[in-house]
K.L.:
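Structure provided below as structure tokens; questions to follow.
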Amino acid sequence: MSTPAITPAGPDVETPEVAPAPRRMFRFGGARRGGGPVTLGIGVALALGLVTVALVAPLLNLADPMQTDLTRRLNPPGTPGHLLGTDQLGRDVLSRVLAGARWSLGIGSTAMLLGVTIGVSLGVAAAWSRSWLRTVLTRAIDIGISFPYLVTAITVVAVVGRGFWALALTLGLVCWPPVARVVYAETLGLREREYVLAARLMGVRAVSTVANHVLPALRPTVQVMAAFTFAEMMISESGLSFLGLGAPLGEPTWGNALSESRSYLATAPWMMLAPAGAIVIAVLAANLIGDGLTARSRRRGERLGS
């Protein structure tokens, strides 16, 4: 039984043309599932812009953010010498927003660094120990997560007092439980990796194993948690200052500026829009950085798994 021969398509035989796949002119972030280099780049650019503005603001020829002038109170934006207008005491809104960047960004960064340091340390210690210490640390993490951190921060600030370091330390001491929980879960998985088991079987000390193998593997997770924790600390700092429990009254912080603008929303909305816009930009930058780092870690994991 013979099979018919398959003749190649000659010049007289028409072959169906396959339309090329449409090319995407724009691919936000370079990935289909959100996040990516563009997202990370935008977030880093916004963050660098805010830091640069905070550092360069004292060198600019701007009005004193603490100087009052009742003859210029509630001047609208565009007034000569006051690009963003003035507040209820005649203080320049632009100079106060720029000065508030040092307060708000400094408090958010300090609180984030302290919270991430405590969370990583306790999370790794809880996952690496196999004795009563592990039970104590995991219960401490559970207790910390169960308490609303903002309520705890309000209680601590009411006892300790207000100020830059008091607020930064308070927020840092109440934001670590989520970081510790994530690091604890990640470290439990890393304990069973081949290279970690090999180091333990070779008699390498636990401290060296954690420093050389566990912490480098945790770096992507910690970076993402740090970005999102910073965004949360910015909102918390502004909320506490808005309630009068953050920076001392009169200090040019974004939260204080929002609190002072409550009574002038209808007559002077620029008092609220300027600090609120600064908070939105800072939180957006942190979330974009966290989104971009998440996408980069996911792509790295896909490459290693393929």
K.L.:
Could you check whether any side-chain heavy atom of Glu186 comes within less than 4.5 Å of a side-chain heavy atom of Arg181, counting everything from C-beta outward?
P.N.:
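Counting from C-beta outward, Glu186 and Arg181 never come under 4.5 Å.
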K.L.:
May I ask you to check whether over 12 heavy atoms, not counting those of Arg72, lie within 6.0 Å of atom CZ?
P.N.:
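Open: at most 12 neighbouring heavy atoms sit under 6.0 Å from CZ of Arg72.
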K.L.:
Arg91 versus Gln67: any side-chain heavy-atom pair under 4.5 Å?
P.N.:
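The answer is no, as the side chains (C-beta and beyond) never meet within the 4.5 Å cut-off.
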K.L.:
Answer whether the closest heavy-atom distance between the side chains of Cys175 and Met112 falls below 4.5 Å.
P.N.:
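No; the side chains remain at least 4.5 Å from each other.
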K.L.:
Are Tyr184 and Leu137 close enough that some pair of their side-chain heavy atoms sits under 4.5 Å apart?
P.N.:
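They are not in contact (no side-chain heavy atoms under 4.5 Å apart), so the answer is no.
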K.L.:
Is a donor on one side and an acceptor on the other found under 3.5 Å between the side chain of Arg139 and the backbone of Val136?
P.N.:
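No, Arg139 side chain to Val136 backbone: no donor-acceptor pair under 3.5 Å.
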K.L.:
Counting C-beta onward and ignoring hydrogens, is there a side-chain heavy-atom pair between Arg73 and Asp87 closer than 4.5 Å?
P.N.:
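Sidechains of Asp87 and Arg73: no contact.
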K.L.:
Sorted by first residue and then second, give each ring pair (Phe, Tyr, Trp, His ring centres under 6.0 Å) pair with at least one member in residues 242-287; sequence neighbours left out.
P.N.:
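Sorted result for residues 242-287: empty, none.
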K.L.:
Roughly how far, to the nearest 0.5 Å, is CG of Leu94 from OG1 of Thr86?
P.N.:
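Separation between the atoms: 12.0 Å.
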K.L.:
Scan side-chain atoms only and decide if Glu237 and Ser241 contain a donor-acceptor pair under the 3.5 Å cut-off.
P.N.:
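Yes, because at least one side-chain N or O of Glu237 sits under 3.5 Å from a partner of the opposite role on Ser241.
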K.L.:
For the residue pair Leu50 and Ile281, establish whether any side-chain heavy-atom pair is separated by less than 4.5 Å.
P.N.:
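Yes - at least one pair of side-chain heavy atoms lies under 4.5 Å apart.
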K.L.:
Per the side-chain contact (heavy atoms from CB on, under 4.5 Å) rule, which among Thr170, Ile154, Ile235 passes with Leu240?
P.N.:
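Between Leu240 and the candidates, side-chain contact (heavy atoms from CB on, under 4.5 Å) is satisfied uniquely by Ile154.
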K.L.:
Does a side chain donor of either Asp92 or His82 reach within less than 3.5 Å of an acceptor in the other side chain?
P.N.:
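Their side chains do contain a donor-acceptor pair, which is all the 3.5 Å distance test asks for.
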K.L.:
What's the spacing between Gln88 CD and Leu70 CG if we round to 0.5 Å?
P.N.:
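It comes to 9.5 Å.
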K.L.:
Hey, does Ser104 have a side-chain heavy atom less than 4.5 Å from the side chain of Met234?
P.N.:
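They are in side-chain contact.
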